[in-house]
Each structure stands twice: as C-alpha cells, then as structure tokens.
Amino acid sequence: MDYYFMMNCPFAEGIVKNIVNRHLRADPTLAAALVRMHFHDCFVEGCDASVLIDSTKDNTAEKDSPANLSLRGYEIIDEVKEQLEIQCPGVVSCADILAMAARDAVFFAGGPVYDIPKGRKDGTRSRIEDTINLPPPTLNSSELIRLFGQRGFTAQEMVALSGAHTLGVARCSSFKHRLSNFDSTHDVDPTLDAQFAKTLSKRCTSDKSEQAFDTTKDTFDNDYYNALQRNTGVLFSDQTLYNNPRTRGIVNAYAFNQAMFFLDFQQAMLKMGLLDVKEGTKGEVRANCRIVN
C-alpha cells in the first residue's frame, strides 16, 4: 500500500504532520479530538472517512448522530486535504488523512510513534443509524469485551484502546447517570470514589460541563489506568475495566508499566486502522472530505 504514496505523493506525511502540529500547538485539546474521530470512523463502516461526510436533505449522516455531535477537528482534516489536492490531486484519501492525523496527534501529546499502512479508500455511505455500533459510556466490561470481540479485538486490545482516554475530557451528559438514581439500591455508583463523586457533582452544572479523564488531559501517558485504580474513572465504561476480574490485571499492568501500554496501544491502533478497509474499486478518493464524489 505504501509504495503507491511514495511514488505519487512523497510529501504527504510531512504535510499532514506540519498542519496537525500547527493546530495542536494552538490548541492541545485537539489531540484527543483527532484520536476520537479516527475511532468513531473505524467503528462504523470501517476506516473509510464516513464520519467526515456532511448530511444532505436526503440523508442524515453519521456526524449528526448524538454520539458524534461532540466530535471536533474537522477543519484540520479539511485543511490537510486542500493542501494535498494541490500537491497531488486524487492520490491521498480522507481515510488515510484521518488515520495519519490521529497517529501524529498521539505522538505530539507524548505517546508512541507508530507506522500505519496507507492506501485506504473513502466510503460512500454515511448514515446516522449505523452509529448504533459505537460503544456507549454505559457499557460494562463484559459488554465491551463482546462488542470489541465482534470487531476482532481481544480483551487486552480493548483495554489498550480504552487508554486513548488518557487524552481529553468527558461531557457531564455521559457520566451524570453515575451521580444520582444510579440503580434500585444505590443513588451514586458504588464503584465511584466518594470524594471524586462529590467533585463530579459540583462539576456537573450542565450536560455540557466537562471533566478530564485523568490528571494530565493533554499528555499521552498511563495516568488513565492509575485513575481507575483509585476508582476515579470518569465514565462507567472506564471504571468497569478495573472492577471486572477479566480486565483488572491488564489495567494493573498498564498502570505499572507505561512502556508495555505504549507497545500494546501501538499494535491495537495499527489493527484498528485496518478495520474493513476499502481498497481498489470498493471506494474512492474524495476530492472534498465532506462530500461523496
């Protein structure tokens, strides 16, 4: 796949990196946004940039699904695409740009550098109903193992990919169910540290209020796993990884050994970036990432 790039667009990688880094220097929180956008793309219809397509009067696209309304960073992808179309029109797909941007964002934030195969084609389908496949923040560890398992990931790979939450913030709307009327016997989620629950309650002045996943929200490190050990995971789907015996050992290993987390994360991201990749005539190279050719 890579050879095609080298011949037809040798400066593609550099262009992506320069633009991504310029935006991240201005706003470091965009690193989390780019990684999340790549994940939300790959989990629906595969890594085919379907998440970038705008809705039309006849079709509500993935990006207008409730699960995707908080996605941001589209303008970075647009800018990269514009530059690449000037340099080498019709060569680099939006799907490849998104995969490269996420990789560069991880590295910019202090995470591992990893190489990704290129040659993905862009898909032509983007429908709101397909986003039902995105994992909601209310899932428990067994449900996450099953959902990721359907995509070919092991429990270990799922826990490693969850570590992307070392970057960024969660909106109150995605964890407020843990703070009151949690279930028939508990008002507050019993797996939540009591002091931290108070902090979250104070923080939740509106659904859009935000809370960082760990203490270093713009740095890619293993602090996310340390937070789970302290029962200060923000989402129910984060904390459940520590509470389930099937995944607790993996959380402990990553909390103890950042290098091991980095290695496993690299490999899991490489694998995720190859989900249902469209090659050859199965897809196209969009001229504009927001519109099907």
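By convention here, the first residue in the shown sequence is residue 1.
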Practice prompt. Please examine the side chains of Leu263 and Pro112, heavy atoms only from C-beta on, and report whether any two atoms are closer than 4.5 Å.
Written response: no
Worksheet entry | Option passing ring pair (Phe, Tyr, Trp, His ring centres under 6.0 Å) with His165 (candidates Phe175, Phe39, Phe213) | Phe213
Worksheet item: Do the ring centers of Phe262 and Phe220 come within less than 6.0 Å of each other?
Response: yes
Could you check whether [X] pairs with [Y] (Lys NZ or Arg NE/NH1/NH2 to Asp/Glu carboxylate O, under 4.0 Å)?
X      : Y      : result
Glu79  : Arg22  : yes
Arg171 : Asp207 : no
Lys81  : Asp122 : no
Glu157 : Arg151 : no

Response to the item:
Applied to residues 103-133, the ring-ring contact (aromatic ring centres under 6.0 Å, His included) test, sequence neighbours excluded, yields none
Is there a donor in the side chain of [X] and an acceptor in the side chain of [Y], or the other way round, less than 3.5 Å apart?
X      : Y      : result
Gln239 : Asn231 : yes
His186 : Asp183 : yes
Thr56  : Asp58  : no

Response to the item:
For Asp218, the salt bridge (charged side-chain N to carboxylate O under 4.0 Å, His left out) test, sequence neighbours excluded, returns none
Item to complete: Would you mind listing the cluster partners of Phe236? Hydrophobic ones only (ILVMFWY), side-chain contacts under 4.5 Å, chaining allowed.
Response: Phe182
